[in-house]
K.L.:
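Below are the structure tokens for one structure; questions will follow.
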Amino acid sequence: MSCEYGGKTHKGIYITSRNDMAVVKLSSGYNIGVPPSSCTCIEQTVPSTPRSRVVNNTPGLPDLSIVSTGGTIASRIDYRTGSVTSQFDASDILVAIPELAQIANYRTLPLAAILSENMTPAIWQELARAVHAEIRDGATGVIVTHGTDTMAYSAAALSFMIDTPVPIVFVGSQRSADRPSSDNAMNAVCAAAAATSDLGEVAVVMHATTSDDTCAIHRGTRVRKMHTSRRNAFQSVGIPPIGSVAFPSRTVTLTPDAVKRGTHTLALHDNLEPHCALLQFYPGMTPDLLRAYEGYKGLVLAGTGLGHVSTLLIPAIKKLIEAGTIVVMTSQCMHGRVCDRVYDTGRDLLNTGVIEGGDMLPEAALVKLMWVLGNVKDKKNAAEMMQADLKGELNRRSAHGL
Ligand code: GLU
């Protein structure tokens, strides 16, 4: 592709389109965004919605799709720089972990090769469309390989964007394949087992213990990365895990609460309103900070305890709400639910129109707010949806001890 832009000719390969701009990879390795009208096609282009291809086809095995997005599970050491880079795609993962071929047939789709701190709502939308297309075209389960840092956000995003009759399993690894303690192979095998199980919802499957004996199956809207480097970093929050996979037997056990295969009919709801934010309160936060959120459609606050921020911030929050921003209160506490009716700060917040977020994780609440505001324009309906349990993200009552 050759693009005339900014008085220069840029030659490269068309990658995708974002915000009405064509993203072109130059031979230097850099990407540029240019208006599509400035470009002419001079060589083969990469389609913006790539389709999966079949990698193995053994009669009698279930048909899974692996959609790769990057992260440590798809990475190895770059001996030039000494750092870990995300280089593998879904097909490489199959070659690197031959045991996967005993479990299923696979189609593979390399959607992205990014570290997950670079994930965006626009890529969640591409991912949701790709996963939906795989299921529509016959996949009986989908594995999404993903960096662990923001995997919980993406799992929550797909939970809201897809009604799925089959398992959609996110998996990653904390340690890259070249390290003796890598968790990539066991996690991938557990994910494939979960993807062929009776599960019918979006889940995260990762090491459950420090040993190589069990993976936990976590609901996509109730999971968090709790440790920077341990292999058992992921934990369910507010509910127990919805299942487990024993290793090496690959025996999957689902709890009665897990949504079962076939419960839902496949549907895609891929609208998102990305102009939403998540803000963690801290003592000493000043109201001027909230000015940065003027014009935002939604704001999730991670308040203290039962859902509080300093009284000094309340007029600024009121101003945001009066200008049309939906503000949802969650808690920095890992467990429990917000209740803004106990202390006067909380009552003042409710009086300004802040919505209580129940026991939703702040990050799940952010993704939900993007999804709700992408689909519902009426503010009252949006507020009601934020207080309803849509995909297991909000418990009506907190279970004892959780
Ligand atoms: N920060 C990177 C990511 O989340 C690497 C961490 C990982 O994959 O575990 O993609």
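The first residue of the sequence shown is numbered 1, and numbering continues consecutively from there. One-based numbering, in listed order, for ligands and for the atoms of each.
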K.L.:
So which protein heavy atom does atom 9 (O) of ligand 1 come closest to, and at what separation?
P.N.:
Thr148 OG1, 2.4 Å

K.L.:
Could you tell me whether Glu294 and Lys319 have a side-chain N and a carboxylate O separated by less than 4.0 Å?
P.N.:
yes

K.L.:
Would you call the rings of His218 and Phe234 parallel, tilted or perpendicular, where under 30° means parallel and over 60° means perpendicular?
P.N.:
tilted

K.L.:
Give me the one residue out of Asn232, Asp213, Asp212 that meets side chain to side chain donor-acceptor pair (under 3.5 Å) with His207.
P.N.:
Asp212

K.L.:
Does Ser154 reach the side chain of Met119, with side-chain heavy atoms less than 4.5 Å apart?
P.N.:
yes

K.L.:
Would you call the rings of Tyr343 and His308 parallel, tilted or perpendicular, where under 30° means parallel and over 60° means perpendicular?
P.N.:
perpendicular

K.L.:
For ligand 1, which atoms, with element, lie under 4.0 Å from some heavy atom of Ser116?
P.N.:
3 (C), 4 (O), 10 (O)

K.L.:
Does Gly70 come within less than 4.0 angstrom of ligand 1, counting non-hydrogen atoms of the residue?
P.N.:
no

K.L.:
How far is atom 2 (C) of ligand 1 from the closest protein heavy atom, and which atom is that?
P.N.:
Glu117 OE1, 3.3 Å

K.L.:
Which residue supplies the protein heavy atom nearest to atom 6 (C) of ligand 1, what is that atom called, and how far is it?
P.N.:
Thr72 OG1, 3.4 Å

K.L.:
Side chain or backbone, does Thr150 bring an N or O within less than 3.5 Å of an N or O on ligand 1?
P.N.:
no

K.L.:
Quick check on contacts: which atoms of ligand 1 are under 4.0 angstrom from a heavy atom of Gly147?
P.N.:
3 (C), 4 (O), 8 (O), 10 (O)

